[in-house]
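In what follows, a structure is listed as C-alpha cells, so that the remarks can point back to it.
Computed from heavy atoms alone, side chains included, the values below leave out hydrogens, waters and symmetry copies.
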Amino acid sequence: MMKKILLFLCLIISFNTFAKQTLTVYTYDSFVSEWGPGPQIKENFETLCNCELNFVAVDSAASMLSKIILEGKNTKADILLGIDMNLIEQAKKTNLFDKHPFENLNEILSMPIEWQDDIFVPFDYGYFAFVYNQNNITKPPKSMEELINRNDISIVIQDPRTSTVGLGLLTWIKSLYGNQSSKTWNKLSKKIVTVTKGWSDAYYNIFLTGEADMVLSYTTSPAAHIMFENDSSFKADSFKEGNYITIEVAAKLKNSQHIELANMFLEFMLTDDFQSSIPSTNIMYPVINLKDGLPDSFSELSIPSKVLQINPTTIMNKRDEWTQEWLNNYKK
C-alpha cells in the first residue's frame, strides 16, 4: 500500500513537468471508442500530467504491432498498448522497446500468474472462451473435446494472422492437443461458419445477428450484456480441460522523445485511476486490486479452474508453422 501511495505522490509532483508535451499511444480501435476505456483514461491522465495524450488506433492488436514494425525507429509512437503476451517475444525481437521503470511488478500486480518481463507491463487480463446465448443453446459444451465432437453447434472465430483472439485459439488448441492439433482443426473447421479479421466483426456482425451459435471471445464478455442490457442470457463456460489466459500489455518505445512522460504513463497505468475503467469498459479483469472492487456483474462470471499458457518464445518460433497447420485444415 505504501508503494502505491508513493507512486501516486510522484505522479502528482510531476504535474507541471510535462506541460505542452504530447504522448502518443498506439492501441486498438475498441480501446479508444466512446464505450471503451480510452476517453476516461485520457481525461484522467491529462489532468494528472498537464500534457496531451494522443491515441492512435488501428483495427487490431496484431495490426498495431505490424504498424510499429513497419515504421521502425521512425515511429511516432511513445507507447504501444494492447498486444497480448502471445506477441511479446515477436515485439521484443524488433529491439524497438525499452525496459519499464518498475523494480518488482509483482508487488503491485494481482494476477493468476507471476509476471517476469522487464519490458512489457500488464494492464488487464482474461481467459479465452466460447460465448453463447442460453436461450438458444440449452446444453452447451462443457469441454473443448465436446465442442469439437458436437455436430449441432456452429461457431465463428477470428483469423490468427490478424487477431490476438484468433491467435489465442491457436495456442489454446496446441496447448491441449499438441501433435494431434491438425486432426483437431480438421474436425473443428466443419463447425466454423466464417473467420473474421477481428473480434468486433465476429461478435457483433456474426454472432449477435444469429449467424453462429457461439463466438470465440472471453469469459468476461457476458458481463457487458449484464451491465449495459440487463441481460444474463449470455454465458461463457469454463472448459474442464482449462481455458487459455490472455494478458494485455504495454511498453514504451526506445526512440520516444518523451521517455519520462512515457514512464509516468506506465506508472499511472497501474493506479486505480486507470485500472478502475477496465472492468466496465474493456470488460476484462484489472491487474491490481481495485479500491471499490469489481462490478457486480463480474460475480456472475465463470472463472476457469485451470489456466493454460504456452511460453511466448515457443509461440514466436512456432506461430507460422501452427498458422499453416490451421490453414491446411480450414477449407471454407
Side-chain angles (χ1 to χ4, degrees), residues 27-31 33 36-37 57-66 81-88 90-91 122-132 144 147 154-176 181 184-185 188-189 191-208 211-225 234-239 242-249 278 281-285 301-302 304 307-310 312 315-316 319 322-323 325-327 330 332:
T27 188
Y28 48 84
D29 53 7
S30 63
F31 191 90
S33 66
V58 295
D59 60 3
S60 70
S63 299
M64 171 178 52
L65 179 58
S66 296
L81 184 150
I83 66 168
D84 82 345
M85 61 183 184
N86 284 347
L87 292 173
I88 280 180
Q90 180 184 345
F123 67 88
D124 68 17
Y125 75 93
Y127 309 92
F128 293 120
F130 284 92
V131 174
Y132 63 95
M144 182 69 78
L147 173 63
S154 62
I155 64 174
V156 55
I157 68 170
Q158 300 81 12
D159 194 322
R161 296 167 295 181
T162 56
S163 167
T164 55
V165 191
L167 179 59
L169 180 58
L170 207 68
T171 53
W172 191 1
I173 293 292
K174 186 58 67 171
S175 68
L176 292 175
S181 295
T184 300
W185 278 119
L188 193 60
S189 66
K191 299 167 178 52
I192 300 172
V193 295
T194 192
V195 175
T196 63
K197 185 177 181 181
W199 176 87
S200 296
D201 193 21
Y203 203 94
Y204 294 111
N205 297 333
I206 306 299
F207 171 61
L208 290 184
E211 295 183 41
D213 298 319
M214 305 183 79
V215 58
L216 176 63
S217 191
Y218 304 91
T219 58
T220 47
S221 295
H225 296 281
F234 292 90
K235 303 293 181 182
D237 283 342
S238 301
F239 281 172
N243 291 55
Y244 200 91
I245 191 170
T246 175
I247 301 173
E248 291 192 300
V249 298
I278 293 299
T281 57
N282 230 32
I283 321 299
M284 297 280 273
Y285 290 104
L301 303 179
S302 172
V307 177
L308 301 175
Q309 181 189 11
I310 294 177
I315 295 170
M316 180 186 68
R319 182 182 177 184
W322 295 348
T323 300
E325 179 181 64
W326 165 71
L327 285 170
Y330 178 68
K332 289 289 190 267

From [atom1] ([X]) to [atom2] ([Y]), nearest 0.5 Å:
X	Y	atom1	atom2	result
T184	L176	OG1	CG	8.5 Å
Y28	S200	OH	OG	10.0 Å
I278	E248	CD1	CD	8.0 Å
K174	W322	NZ	CH2	6.5 Å
I83	T246	CD1	OG1	10.5 Å

Dump the intermediate steps for side-chain contact (heavy atoms from CB on, under 4.5 Å) on I173 and M144, then the final yes or no. CA-CA 9 Å; I173 293 292; M144 182 69 78; 4.0 Å; yes
Y285: ring pair (Phe, Tyr, Trp, His ring centres under 6.0 Å) partners, not counting sequence neighbours: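 Y285: ring pair (Phe, Tyr, Trp, His ring centres under 6.0 Å) contacts with Y125, F298.
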For V215 and L208, what are the C-alpha separation, side-chain angles and deciding distance, and is it a side-chain contact (heavy atoms from CB on, under 4.5 Å)? CA-CA 9 Å; V215 58; L208 290 184; over 6 Å; no
Can a donor-acceptor pair be found, under 3.5 Å and without considering hydrogens, that links the side chain of [X] to the backbone of [Y]?
X	Y	result
T220	I283	yes
S60	T162	yes
T171	G168	yes
S175	I310	no
T27	A57	no
R319	N86	no
Q158	A202	no

For the rings on W172 and F239, is their centre-to-centre separation under 6.0 Å?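 Centroid separation for W172 and F239: below 6.0 Å.
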For I157 and F130, what are the C-alpha separation, side-chain angles and deciding distance, and is it a side-chain contact (heavy atoms from CB on, under 4.5 Å)? CA-CA 9 Å; I157 68 170; F130 284 92; 4.3 Å; yes
Just one of F128, F31, Y204 clears the ring pair (Phe, Tyr, Trp, His ring centres under 6.0 Å) bar with W199, so which one?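 Only match with W199 under ring pair (Phe, Tyr, Trp, His ring centres under 6.0 Å): Y204.
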What heavy-atom pair brings V249 and P122 nearest, and what distance separates the two atoms?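 Scanning both residues, the minimum pair turns out to be CG1-CA, 4.0 Å.
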Identify the two heavy atoms, one from T219 and one from P304, that lie closest to each other, and give their separation to 0.1 Å.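 That would be CG2-CG, 4.3 Å.
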I247 and M284: CA distance, side-chain angles, deciding distance, side-chain contact (heavy atoms from CB on, under 4.5 Å) verdict: CA-CA 10 Å; I247 301 173; M284 297 280 273; over 6 Å; no
Distance only, no hydrogens: is a donor on one side chain within 3.5 Å (strictly under) of an acceptor on the other, for T164 and D84?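 No, because no side-chain N or O of T164 sits under 3.5 Å from a partner of the opposite role on D84.
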Between S302 and S238, does any side-chain donor sit less than 3.5 Å from a side-chain acceptor?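 A donor-acceptor contact under 3.5 Å links the two side chains.
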